[in-house]
*Asks:* 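I have a structure I would like to understand better, so I am pasting it below and will then ask my questions one at a time.
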Amino acid sequence: MLGDGDGRFLAKLLATNAAVEATAIDTSAAMLKLLRRRCNLFSNRLKTLQMDALAYTPPDDGHYDLVVSHFFLDCFTEEQLKRLIANVRPSLRGRSLWLVSDFRIPQGSLHLPAYAFVRSLYFAFRLLTGLSITHLPDHASCLAQAGFECIDRKMFFSGILTTELWELQDR
């Protein structure tokens with residue numbers, strides 16, 4: 001889990017699958033505290049790390065078969081995303097999956113309102129957290145360049161939110 005926030009997704013994942021073991025990485029001590037509290041029943045299957053995901057060196061032994069990043073990749077530049085993906089990739093086994101949920105700016109009549117909405121979110125995050133990023137990176141290109149293929153995509157709120165499932169293709 002990269003940046004799961006308060007752990008709502010992870011708690012449901014751990015509750016519905018007794019075989020899942022997870023590593024959750026976040027820079028925020030407060031978010032990790034909420035995540036650990038929410039996932040308390042599953043603490044024997046959960047490892048939490050308070051650190052910058054770009055600094056994490058995962059095992060390179062095919063340890064993971066799923067990466068989850070909900071509203072996380074939008075906190076990076078494309079160069080940082082390429083580094084993050086390249087760093088995580090050796091730790092993935094076989095045809096591992098990467099689940100991405102994030103904002104997007106659709107084409108058509110909602111382009112301008114969505115653009116204004118996303119810009120206002122970046123402005124708020126800059127004020128609250130000091131985030132220096134000002135626009136959505138092209139995570140799809142970064143994942144595709146690293147050997148992932150998008151195998152499913154769902155759009156919500158007229159295309160402003162997307163959830164995508166990417167699969168690592170044969171190495």
Side-chain angles (χ1 to χ4, degrees), residues 1-17 19-27 31 35 38-39 52-54 56 58 62-125 129 131 133-171:
M1 294 298 304
L2 298 173
D4 189 37
D6 65 8
R8 282 178 275 178
F9 176 86
L10 186 54
K12 288 180 184 177
L13 179 65
L14 291 168
T16 58
N17 189 330
V20 169
E21 295 179 11
T23 302
I25 302 168
D26 202 306
T27 57
M31 286 294 116
L35 182 143
R38 193 172 295 249
C39 297
D52 182 337
L54 291 171
Y56 178 56
H63 187 76
Y64 298 113
D65 54 15
L66 173 66
V67 178
V68 178
S69 52
H70 295 304
F71 305 98
F72 180 73
L73 301 182
D74 59 357
C75 296
F76 298 96
T77 65
E78 286 181 29
E79 286 307 310
Q80 289 172 321
L81 270 185
K82 288 175 185 176
R83 253 186 23 233
L84 176 70
I85 295 165
N87 193 34
V88 169
R89 194 174 186 277
S91 69
L92 301 178
R93 114 180 15 131
R95 296 176 74 89
S96 295
L97 300 173
W98 195 312
L99 180 62
V100 176
S101 295
D102 228 320
F103 295 101
R104 64 183 290 278
I105 300 173
Q107 297 302 312
S109 63
L110 286 178
H111 180 80
L112 204 51
Y115 177 81
F117 172 69
V118 169
R119 292 289 293 180
S120 68
L121 289 175
Y122 275 112
F123 179 73
F125 286 130
T129 68
L131 182 68
I133 307 304
T134 60
H135 65 279
L136 293 171
D138 183 1
H139 70 267
S141 291
C142 296
L143 286 164
Q145 288 172 14
F148 288 86
E149 179 182 326
C150 185
I151 60 172
D152 197 13
R153 177 179 290 124
K154 302 283 189 248
M155 302 287 186
F156 304 94
F157 301 108
S158 300
I160 296 172
L161 296 178
T162 185
T163 295
E164 301 167 340
L165 187 61
W166 292 79
E167 182 178 54
L168 181 59
Q169 299 306 296
D170 290 330
R171 297 178 184 220

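All residue numbers refer to positions in the sequence shown, counting from 1.
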*Asks:* Taking only residues two or more places apart in sequence or in another chain, which ones pass side chain to side chain contact (heavy atoms under 4.5 Å, CB included) with Pro106?
*Replies:*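 Once residues adjacent in sequence are excluded, the partners of Pro106 under the side chain to side chain contact (heavy atoms under 4.5 Å, CB included) criterion are Arg104, Leu110, Ala114, Ile160.
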
*Asks:* Quick one: ring pair (Phe, Tyr, Trp, His ring centres under 6.0 Å) partners of Trp98, sequence neighbours excluded?
*Replies:*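 For Trp98 the ring pair (Phe, Tyr, Trp, His ring centres under 6.0 Å) partners, ignoring immediate neighbours, are Phe148.
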
*Asks:* For residues Asp26 and Gly5, report the shortest heavy-atom separation together with the two atoms involved.
*Replies:*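 Where Asp26 meets Gly5 most closely, the heavy atoms are OD2-N, 3.8 Å.
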
*Asks:* Just by distance, no angles: are the side chains of Thr23 and Tyr64 close enough, under 3.5 Å, to form a donor-acceptor pair?
*Replies:*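 Side-chain D/A pair, Thr23 to Tyr64: present.
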
*Asks:* As an exercise, state the distance from CG of Leu13 to CG of Leu99, rounded to the nearest 0.5 Å.
*Replies:*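 CG of Leu99 is found 9.5 Å from CG of Leu13.
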
*Asks:* Within the side chain of Gln169, is there an N or O that forms a donor-acceptor pair under 3.5 Å with the backbone of Glu167?
*Replies:*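 Such a contact is found between Gln169 side chain and Glu167 backbone.
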
*Asks:* Report the C-alpha separation of Val88 and Val67 in whole Å, then their side-chain angles, then the decisive distance to 0.1 Å, and conclude whether the side-chain contact (heavy atoms from CB on, under 4.5 Å) test is met.
*Replies:* CA-CA 9 Å; Val88 169; Val67 178; 3.8 Å; yes

*Asks:* Residues two or more places apart in sequence or in another chain: which of them pass ring pair (Phe, Tyr, Trp, His ring centres under 6.0 Å) with Phe157?
*Replies:* none

*Asks:* With sequence neighbours excluded, what pairs up with Thr163 under the side-chain hydrogen bond (donor to acceptor under 3.5 Å, both in side chains) test?
*Replies:* Ser101

*Asks:* Could you measure the distance from the CE atom of Met1 to the CG atom of Leu14? Nearest 0.5 Å is fine.
*Replies:*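 Atom-to-atom, Met1:CE and Leu14:CG are 9.0 Å apart.
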
*Asks:* Looking at residues at least two apart in the chain, or sitting in another chain, which of them share a side chain to side chain contact (heavy atoms under 4.5 Å, CB included) with Gln145?
*Replies:* Lys82, Ser141

*Asks:* Go through the structure and list residues passing salt bridge (charged side-chain N to carboxylate O under 4.0 Å, His left out) with Asp65, not counting sequence neighbours.
*Replies:*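 Salt bridge (charged side-chain N to carboxylate O under 4.0 Å, His left out) check on Asp65 returns Arg93.
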
*Asks:* Going by the salt bridge (Lys or Arg N to Asp or Glu O under 4.0 Å) test, which pairs reach into residues 138-156, not counting sequence neighbours?
*Replies:*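 Listed by first then second residue: Asp152-Lys154, Arg153-Glu164.
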
*Asks:* Can you list everything that forms a side chain to side chain contact (heavy atoms under 4.5 Å, CB included) with Leu54? Sequence neighbours excluded, please.
*Replies:*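 Counting only residues at least two positions away or on another chain, Leu54 forms a side chain to side chain contact (heavy atoms under 4.5 Å, CB included) with Asp52, Phe76, Gln80, Arg83, Leu84.
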
*Asks:* Just one of Leu165, Leu168, Val68 clears the side-chain contact (heavy atoms from CB on, under 4.5 Å) bar with Leu97, so which one?
*Replies:*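 Exactly one pass, corresponding to Leu165.
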
*Asks:* Measure from the side-chain N and O atoms of Ser96 to the backbone N and O of Leu92, and report whether any donor-acceptor pair falls under 3.5 Å.
*Replies:* no

*Asks:* Rounded to the nearest 0.5 Å, what separates atom CG in Leu2 from atom OG in Ser69?
*Replies:*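 Spacing of CG (Leu2) from OG (Ser69) equals 6.0 Å.
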
*Asks:* Under the side chain to side chain contact (heavy atoms under 4.5 Å, CB included) rule, collect the residues that match up with Arg8, sequence neighbours excluded.
*Replies:* Asp6, Arg38

*Asks:* For Phe9, what residues pass the ring pair (Phe, Tyr, Trp, His ring centres under 6.0 Å) criterion, not counting sequence neighbours?
*Replies:*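 In terms of ring pair (Phe, Tyr, Trp, His ring centres under 6.0 Å), with neighbours along the sequence ignored, Phe9 is linked to His70.
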
*Asks:* How close do Glu78 and Pro137 get, heavy atom to heavy atom, and via which atoms?
*Replies:* CG-CB, 3.7 Å

*Asks:* Using the ring of each side chain (for Trp, its six-membered ring), is Phe103 parallel, tilted or perpendicular to Phe71, with breaks at 30° and 60°?
*Replies:*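 It falls in the tilted class, 30° to 60°.
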
*Asks:* Which residues satisfy the side-chain hydrogen bond (donor to acceptor under 3.5 Å, both in side chains) test with Tyr115, sequence neighbours excluded?
*Replies:*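 Testing Tyr115 for side-chain hydrogen bond (donor to acceptor under 3.5 Å, both in side chains), a comparison that skips the adjacent residues, returns none.
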
*Asks:* As an exercise, state the distance from CG of Leu143 to CH2 of Trp166, rounded to the nearest 0.5 Å.
*Replies:* 5.5 Å

